[in-house]
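Throughout, residue positions are numbered sequentially from 1 according to the sequence presented. This one's a predicted model, so the numbers in the text were calculated from it and none came from an experiment. Just so it is clear, the values below take in all heavy atoms, side chains as well, and ignore hydrogens, waters and symmetry mates.
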Amino acid sequence: MPFGQTFNLRKSRAIAFVIVGTSSAANIREAILHEARTRLTTWFADKEALNLPFWASEAHIQTTKQWYWCDVPGGTNQVPVSFGEFNSTLRPEEIFGVLSDGKQQKSWDTTVEEISILGDFQGDNVRGMQLLMPSGIFMVPPREVFQWTAFNANFETNEFWFAFSTLETSKLREVRHEDRSAVQANNCLGAYWVRPCPAAGEHNCPAGNPVNCCPPGGSHLLFTQHVNVHPPPLISAESIFDMSWYKQIDWIDMLQKRVRVLQNSGQNFRQQIEQDLPAWLLYDTPGSASDTQLIFPARKNSAAVSRLFSLFSLKGHLQAPGWTIVAVTFVTLVSAVFALTARRLGLGLMEAACRSPPLLNQEFKAQ
């Protein structure tokens with residue numbers, strides 16, 4: 001389904017500026033992890049390129065001002081990239097252990113209706129997965145995701161990467177056919193970078209920092225997502241994000257509860273991780289040259305414009321014909337009405353869009 005009128009207006013201006021970047025990585029794992037590191041160390045550091053943040057309970061989330069291609073093969077849809085960070089009292093390997101255990105995800109994650117591991121692809125050092133998520137809305141079909149998943153663990157430094165992409169997954173569709181009743185969703189690049197807090201914790205956090213100080217023995221996480229849920233007509237990507245980002249907090253509560261359940265059961269997280277993931281998936285081990293190339297969009301120049309300005313500037317700032325202004329205003333109002341209705345009904349299209357809703361916070365609710 002297209003993003004609808006609001007998105008198409010934006011797309012008509014921005015799509016000409018898409019520059020495609022290629023990776024020199026030898027295989028899929030290297031390409032995904034390289035792009036994940038680039039976005040979380042370079043893109044996220046450029047605050048001028050990001051919109052003002054959303055935050056709740058010390059969670060910090062931002063989206064790019066520029067939109068980037070993320071669609072099915074042959075599609076032209078563009079959506080913003082989101083970033084976030086939070087600190088947690090949980091240890092890095094505990095968080096990574098639950099994140100990486102796709103076999104058990106359905107037992108605790110209520111946003112997933114079906115999850116299948118389609119195989120471990122040793123040449124590309126990645127795991128193939130398929131997930132089906134119900135929309136939770138009457139007459140709105142579920143979303144299905146096929147994705148490559150890449151891992152990297154360093155138990156000496158307690159630094160972990162968990163990243164995934166829905167790009168170039170035709171091999172996975174040969175293993176399992178698409179569900180004809182579902183809409184194919186995309187997360188062109190999602191990643192979590194989990195690192196330990198300083199041994200003694202943080203004591204002098206930056207002024208105005210929306211996240212708590214990193215606690216002793218805890219974790220600091222950065223994450224990024226590039227999600228296209230293919231929403232119904234007249235509903236823009238911004239509307240979907242605005243109405244559903246807070247839903248991700250509920251998902252984090254589920255994640256943290258799962259970690260605590262495993263803690264109480266005496267779970268040996270490192271043992272579980274190494275039993276589930278072979279060494280060639282988990283560590284930096286040589287792979288073979290891949291016949292699958294992942295192409296990610298190159299980072300665009302920063303554009304310090306508001307969403308409203310970007311819409312009206314389609315026809316020239318303050319020179320848009322009256323009918324254009326009326327049309328944009330009408331679509332904006334319709335989207336706003338839908339968003340308010342969705343909030344009341346507790347809808348979360350993005351929550352049902354992809355396998356991994358972004359991680360957000362350390363203690364979102366009183367336990």
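You'll find the ring centres of F162 and F151 inside the 6.0 Å limit. With ring centers used as reference points, F44 lies 6.0 Å or more from W193. Taking the centre of each ring, F160 and F155 come in below the 6.0 Å mark.
Ring pair W148/F121 is perpendicular by interplanar angle, where above 60° counts as perpendicular and below 30° as parallel.
Among residue pairs with one or both ends in residues 147-169, those qualifying as salt bridge (charged side-chain N to carboxylate O under 4.0 Å, His left out) are R37-E159; sequence neighbours excluded.
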Step-by-step side chain to side chain donor-acceptor pair (under 3.5 Å) determination, R299 to T42: CA-CA 10 Å; R299 182 166 170 258; T42 304; over 6 Å; no
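Using modelled atom types, one finds no donor on one side chain facing an acceptor on the other under 3.5 Å when comparing N186 with H226. Side chains of N152 and R29: a donor-acceptor N/O pair is present below 3.5 angstrom, by distance only.
The closest donor-acceptor contact from the side chain of D124 to the backbone of I28 lies under 3.5 Å. Of the possible donor and acceptor atoms, one in the side chain of Q62 sits under 3.5 Å from a partner among the backbone N and O of N51. A donor-acceptor contact shorter than 3.5 Å links the side chain of E202 to the backbone of C214. K300 places a side-chain N or O within 3.5 Å of a backbone atom of W67 that can act as its donor or acceptor partner. Checked by atom type and distance alone, the side chain of W69 pairs as donor or acceptor with a backbone atom of G75 at under 3.5 Å. Not one N or O on the side chain of E94 forms a donor-acceptor pair closer than 3.5 Å with the backbone of L90.
Note on R258 versus D101: no salt bridge recorded, every NZ/NE/NH1/NH2 to OD/OE distance being 4.0 Å or above. With salt bridges taken as basic N to acidic carboxylate O contacts below 4.0 Å, none links D46 and K65.
Put simply, CZ on F269 and CD on Q263 are 5.5 Å apart, with the number rounded to the nearest 0.5 Å.
F96 and V261 fall into different hydrophobic clusters, where Ile, Leu, Val, Met, Phe, Trp and Tyr residues are linked whenever their side-chain heavy atoms come under 4.5 Å apart, directly or through other members.
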